[in-house]
Structures are given as structure tokens and as C-alpha cells.
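Just so it is clear, the values below take in all heavy atoms, side chains as well, and ignore hydrogens, waters and symmetry mates. Residue numbers begin at 1 in each chain, while the letters A, B, ... track the order of the sequences.
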Amino acid sequence: MEGRIGKNSVPLHGSIDKSKILDVKPLKSLIPIFSMSSQTPPLGQYPSGFSPFFPFGAPQQTPTEVTPNGAATPIRAYRSTPWAGDTSSTMEGFSDQHTSGKKKRGSPKSRSAKLSLDKPKRSQEPPVDLGALVGISPAQKDDGSREMVNFVLMAFDALRRRLCQLEEAKELSLGSVKRADLKACSILMTRGIRTNMRKRVGSAPGVEIGDIFFFRTEMCVVGLHSPSMSGIDVLHIRGEFEEETLAVSIVSSGEYDDDAEDIDVITYTGHGGNFFKKDKHAIDQKLQRGNLALDRSSRELNEIRVIRGIRDAVNPNAKVYVYDGLYKIEDSWIGKAKGGGDVFKYKLARMSGQPSAYSVWKSVQKWKSGSSRTGLILADISNGAESIPVALFNEVDNVKAPIYFNYFHSLRHPKSFSLMQPSNGCTCTKACVPGDLNCACIRRNEGDFPYTGNGVLVNRMQLVHECGPTCQCFPNCKNRVSQTGLKHQMEVFKTKDRGWGLRSLDPIRAGTFICEYAGEVVDRAKVSELVREGNEYVFDTTRIYGQFKWNYEPRLLEEVNPNESSEDYAMPYPLVISAKSFGNVARFMNHSCSPNVFWQPVVYEENNQSYMHVAFFALRHIPPMTELTYDYGVSRSDHAEGISAAKGRKKCLCQSLKCCGFYG
DNA sequence: GCCAGCTCACCCAG
DNA sequence: CCTGGGTGAGCTGG
């Protein structure tokens, strides 16, 4: 992922074919805003003690001069927040709560207090602009960076997950939140947690080609495409004599006949008219709004961001949006809709020299439907142990296979080795119901159901308590997420320079369970011995891991306890796993200083003993064919000697901007 | 200039 | 499949 930074800016705006411009005034004044690159501003200072990898530490303010000389002034580029300014009075209260240190969360009972999600009362109590508090400067709100975009997306999804959780547990007092994505968007927008607010032609800084989104509103908060529903985003420009508009981005959801003969070409239909309604007679589209902007863009030949909407193969109800980079309009004409009305048609062609994005999806689709692929070594390294085969690929060199190991899907414990005291499972009939505090498992999770209805982890916790064989609930209970095996089509592949790696052919949504770290549980005292023997497949929960913020920002909800999502855990429960002889796909996951996967301890009962497992979850949305990586952490002894001492540690090849050079 | 209220839109969940 | 609650943002008139 990091390797793509900066590559999504394309040679800009070089040649306007003046002959194509009819009676339109040239928009020469636009050029300065075209030049916004996706360069990442330098990172600032981190608090002493640790260096959180972005985006989870507070983003650093990077004031940049962004006002181009003589640039056109975008007008109404965004709606101004009615409460902008004057936040000082209420900020102190939040700061106090913020700095009050970590506390244990209240009992499940005290936490069941209802939350109020009333709309902010206008002109009475303006909501605090939290942007400044979480470290978003006004400049960053206008112009994004990779860190900023990641930060805002994380904040969005964390809040959305929490709203889902509260809704499912019916802990919301006022009305229901059937659309947590809309609610999360609304809260972030009014609280100033957003970026790329300034509309622009060309790429949105920090959004990389190939980035994926699961909601339209995610693209709103990072300024990739601001309308929450409309397919065309329009920039208003004050021209020399009158206001003009340009199309800056489109969402192509594939609803119409835009399946192209060429993968890099889209035929896009303008909006308006009601040609799609059967019961009404056809109405012609009008040359207004987005259509007018597209028309102008077809003459100006400005870059247009294109987002492809794709029906998710795993979840056919949902759509995934892929940012496919910059396109230009090559042709436009008036066509006929099915209902008979006139519609505007625009042919967009992808600009050359951009990293592949949508084409990767198309390739995956082909592979899945059986077309052959080079580099296949083995169709299923799990030998049937996983319900979805795990293929082995090498397109890089002649190495035929990793060193031999036994594929095993979970943990092997030495006899009479139990980590925790046995306890009784829940007595729920059928499935455990969020909000039901009679469920022993939910009570162990401090009253929260740890997963949303579609199996996404809501918050990182010291320990997630899942239902197990001892529980009386059905095996399909939603609180057994990490026990259900692989859900994505994974493959082990040879990387260019760091041995074998793991990736998925399917997109992975943030918070989704990926796999557990399988292997043999070994005595903690033997760790150094194993490492000395050269065992590279040791997972040790007690290593020092980079801190990061994944949970929602409590100040965005008027919570009873503002510290409840604290992610600072004193010391994780000790567990050492060796995957050298026995293991699953997790043993192939490489280290990164800026990973897209994290681990979470999960506990459930087997044979009347509680066993802890290490479960991996997606840290953010992961596009198909992206290598999966997590933070290997630092051993406590190495940490004591100082991280810079590279003795016995391996050179890190993660290529992340935040790479600390070594790991292990 | 401001804002409430209306309208529009390739939404998303059920 | 279809329905409809819900959202940001443009537009309009007071």
C-alpha cells in the first residue's frame, strides 16, 4: 500500500484541445488548483515513550500554504459549518475528560444507560469542533494527506461500528439508527473530522488509486466524492463573467450499460429524467446540474475522478466502491433510455500511467471463474482443512514451496495445559442476543456484544469472550466469529524480497475476522530457546507492540463513561505459539510498521477449559491482492536495550513511511 | 447576506 | 425483488 503513495498523481492538464472549445471561456485560472499532489506532509513529533504509527496516533498539524496565486475561487465548494468558530467555551470540558487517565469501565448495568443521539440543537449548544482536539488543523481539513485520509476513515468506521452495536443492543434512547453510516457521516461532518473539504479537480490528496470504500459516505468524509447519493460531483467556479461548473468525480455503479468493451473506458449516463421508472412516461434529461458540468468538462478535458461501484460477491446486498483514478471525457452524445427519453451519454477514458485498480478486480473475477493463471504451484496448501482452498503462487522465482509444515487450523495444547480458569458458558437458547445481559458471555464482554450483526469486530478489547462448545446457544450464534474458519479466498504467494506472504482475492472490510494464529502452544520459558534455534514462527503476546487507536472516539457520542474505549492494556495475557511445525495461513503473514491487520486475544471454552486464541482482524479496508501484514512487535529484552540496537533483528522491508528499520 | 424549507440523487438495509 | 427512511448540498424566496 505504501508503495503506491504519490503514484496517483498523473501528468496534469498538459494539452487542452482548443479546437474543441466552442464558445466556452477557457478556465485557465483553474490551473493552480490542479497542481495539488498527493504528497504526504512530514510527520511531526510524537509524544515520548512510544511512536504510534499513523493514522492512529494524533495526526500532526502541517500548516501548508494552499492559496494559489490568481486561482479561481471555488464557491460553495462545501457548506460552511454553522457553528464554525467559537468552540473555546466547551472545549475545556472535553479536555478534562480526555486527560483523566484510564479507568475500568463501569459494570454492565451502569453501561446500559441510554444514549442520546439528538440532532445538535442549532443556535443553542453548538457542537464542539473536535477536529482541532484530535489534531486536525484547518489546513488539513481543506487538503488531505495519506495519514489524514486514513485517520478520518478509521474514525468513520469505528463510529459506525459502535453505532451499529448500540442500535442492535437497543441502547439508543432517541429513535433508531437504521443507517449507522449516515449517522456516523453526519456526526463527523458537524464535528469537523473530515478532510479534502476543498473541492478540486484531479486526485484527492491522500486517497490512493485502488482504495476501497464500503459506503458512499466514506467518500464524502475524505472529499473523494462529496454528494451522499448523486453520481456526479460538481465544482462551482467563479468565471470571468459568470459562474461555471466542472465535473470533478463520478460514481459509476454499473447500473446501466457502462460495462465497457475496454476495461479503461466507461460510458456514463447523465442524471435526471425518470427514464428508469416503468410506470411513467419518458422524460428527457435536461442539460443542468451534473449533466451541464459533464458537458463543460467534455470541452475542458479536465481530469475526473472515477469511482467504480461493484456488487460485493460475498455479500450481494452490499456494494464496494473502488477509486479507479483519473479519467477524461473523450466523447459525448445524446442517447435514448429504455423508456424512450433522451439521456446524455459520456465516454470517459482512463489516463495512462496510473496504477491498476479496477482491472485487478476484473482479473480476480476471471480467475475465480476458472481462467488459468501463471505461477500456480499448489491449489490448496491446507489440503482440505479450510473450507475455501488456499492456493500457493510463485510468479517471482523458481522456489517451489515453503519449508514443510503441517497445516493445522487452530491451536494444539500440550496435555493439562490450560491458560485460564474454567467457567460456565451461557444458557441462551438459539443465538445470543445483543443487549441481553442475562447472557453470561455478553456480561463477560462488559455488556457489549463484541461483533456487529455481520460479524465485524466493534472495538479492540483486552479480551474478547466468545461463545464456545460449553454454551447452550446454537453453533451459528454470532458470538463465535473467530471459530468459523477462513471466509476470504486467501493465497500464499512469493514476495519480491521477503519470502512468502499472504494476500486475499476478496476485499476485506475493516474489523473483519481474517484468521487465527494457529500452531502449538509452547511454554513461555522456552521462547528465547526457540528464537536461538532460528524458529521464525513464534508468536508471543507479551512482546511490545506499537500502540494505535482503532476504537471510536468517545467524545463523538455523549457517553456515560468517556474512557470506555481506552485501548491501553497493562499487560496482555501471556501466550506463546510456535507455527513452525503446525500452522495455518497466519504463519505466512509478514511484518509491517504500517500494517493492515492487527491481532486481538479471543477466549472461549473447549473441554471445560478456557483457552485463549490470537485472532487477526482487518485494521482497515483491504483491497483484493494486497499483502496482509501485522506488527511483529519487539521482544521485551530488545526493547529494554533500545529499539535502535539492531542486534539479532531483521531488516524491515515493509517500505512504510513510518518504517523503523528493523523488526523481530 | 442569511437561512428555513424544498428538491434531488447510480444509497443502503430489511 | 421492492420499499422507504434518511442524508448532504443545491436552490429559492422571504
Side-chain angles (χ1 to χ4, degrees), chain A residues 74-84 117 119-123 156 160 163-164 167-168 172 174-191 194 196-197 199 213-237 243 245 247-259 266-279 283 285-286 288-294 304-312 315-322 324 337-338 343-346 348 452-454 456 509:
Chain A
I75 54 173
R76 286 201 303 275
Y78 51 84
R79 189 180 191 154
S80 61
T81 315
W83 316 281
L117 276 184
K119 285 214 168 199
K121 291 161 203 110
R122 289 180 185 232
S123 72
F156 173 92
R160 188 195 60 81
L163 288 167
C164 280
E167 164 67 16
E168 284 163 11
L172 295 168
L174 281 153
S176 61
V177 181
K178 282 185 182 132
R179 291 285 305 274
D181 60 310
L182 296 182
K183 185 51 110 182
C185 177
S186 160
I187 291 174
L188 292 190
M189 291 279 203
T190 55
R191 297 304 191 90
R194 56 187 298 185
N196 286 325
M197 226 164 134
K199 266 193 198 179
F213 305 87
F214 285 80
F215 295 96
R216 288 284 302 257
T217 44
E218 287 181 300
M219 300 189 279
C220 302
V221 291
V222 297
L224 180 64
H225 186 85
S226 52
S228 59
M229 294 176 90
S230 173
I232 307 165
D233 198 359
V234 173
L235 174 66
H236 294 251
I237 299 151
E243 190 185 316
T245 60
V248 291
S249 63
I250 59 160
V251 177
S252 168
S253 280
E255 303 276 320
Y256 305 105
D257 51 348
D258 50 322
D259 55 343
I266 290 178
T267 304
Y268 192 79
T269 308
H271 60 198
N274 51 3
F275 52 92
F276 45 85
K277 298 211 169 155
K278 315 168 220 164
D279 52 335
I283 293 174
Q285 290 188 346
K286 293 191 183 77
Q288 57 183 18
R289 301 165 187 268
N291 299 346
L292 185 60
L294 280 167
I304 298 175
R305 301 185 293 271
V306 167
I307 298 107
R308 306 263 200 162
I310 301 170
R311 207 153 277 289
D312 191 358
N315 182 8
N317 274 340
K319 246 181 217 162
V320 188
Y321 298 94
V322 184
D324 199 32
K338 289 167 202 157
V343 291
F344 294 99
K345 293 282 191 179
Y346 301 91
L348 292 96
T452 65
N454 51 8
V456 169
R509 188 192 275 227

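- Checked against dT7(C), dG8(C), dC10(B), the side chain of S253(A) finds its nearest nucleotide in dC10(B).
- Annotation: salt bridge (Lys or Arg N to Asp or Glu O under 4.0 Å) contacts involving residues 221-235 of chain A, sequence neighbours excluded, comprise K199(A)-D233(A).
- Counting to the nearest Å, the P atom of dG8(C) and the CD1 atom of I232(A) are 20 Å from each other.
- Put simply, CD1 on I307(A) is 18 Å from P on dA9(B), counting in whole angstrom units.
- Counting non-hydrogen atoms under 4.0 angstrom, S186(A) reaches the backbone sugars and phosphates but no base.
- Every residue meeting the side chain to side chain contact (heavy atoms under 4.5 Å, CB included) condition with A293(A), not counting sequence neighbours, appears here in chain and number order: V234(A), T245(A), A247(A).
- Distance from the side chain of M229(A) is smallest to dG6(C) among dC10(B), dG6(C), dG8(C).
- The CD-P distance, from Q285(A) to dC10(B), rounds to 9 Å in whole Å.
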Secondary-structure string, 5' to 3', Watson-Crick or G-U under 3.5 Å, | for another-strand partners, for DNA chain C: .||||.||||||||
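- In this structure, Q288(A) places its CD atom 10 Å from P of dT12(C), rounding to the nearest Å.
- The separation between R194(A) atom CZ and dG8(C) atom C1' is 9 Å, rounded to whole Å.
- Judged by distance alone, with hydrogens and angles left aside, the side-chain atoms of E167(A) form no donor-acceptor pair with the main-chain N or O of A180(A) at under 3.5 Å.
- Using a distance-only test at 3.5 Å, with no hydrogens or angles considered, no donor-acceptor pair links the side chain of R216(A) to the main chain of H225(A).
- N291(A) meets the side-chain hydrogen bond (donor to acceptor under 3.5 Å, both in side chains) test with no other residue; sequence neighbours excluded.
- For the pair L188(A) CG and dG8(C) P, the computed distance is 11 Å after rounding to whole Å.
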Using a cut-off of under 3.5 Å, enumerate the N/O to N/O pairs linking the protein to nucleotides 12-14 of chain B.
from    : atom 1 : to      : atom 2 : distance (Å)
dC12(B) : OP1    : R216(A) : N      : 2.9
dC12(B) : OP2    : Y321(A) : OH     : 2.6
dC12(B) : O4'    : R179(A) : NE     : 3.4
dC12(B) : O4'    : R179(A) : NH1    : 3.1
dC12(B) : O4'    : R179(A) : NH2    : 3.1

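- If you take NZ of K286(A) and P of dT7(B), they are 15 Å apart, rounded to a whole angstrom.
- Looking only at side-chain heavy atoms (C-beta outward), F156(A) and V222(A) stay at 4.5 Å or farther from each other.
- Residues meeting the side-chain hydrogen bond (donor to acceptor under 3.5 Å, both in side chains) test with S228(A), sequence neighbours left out: none.
- Checked against side chain to side chain contact (heavy atoms under 4.5 Å, CB included), L182(A) has the following partners two or more places apart in sequence or in another chain: R179(A), T217(A).
- The nearest whole Å value for the distance from the CG atom in L292(A) to the P atom in dC8(B) is 17 Å.
- Proximity of a side-chain donor or acceptor of Y268(A) to a complementary backbone N or O of V251(A) within less than 3.5 Å is detected.
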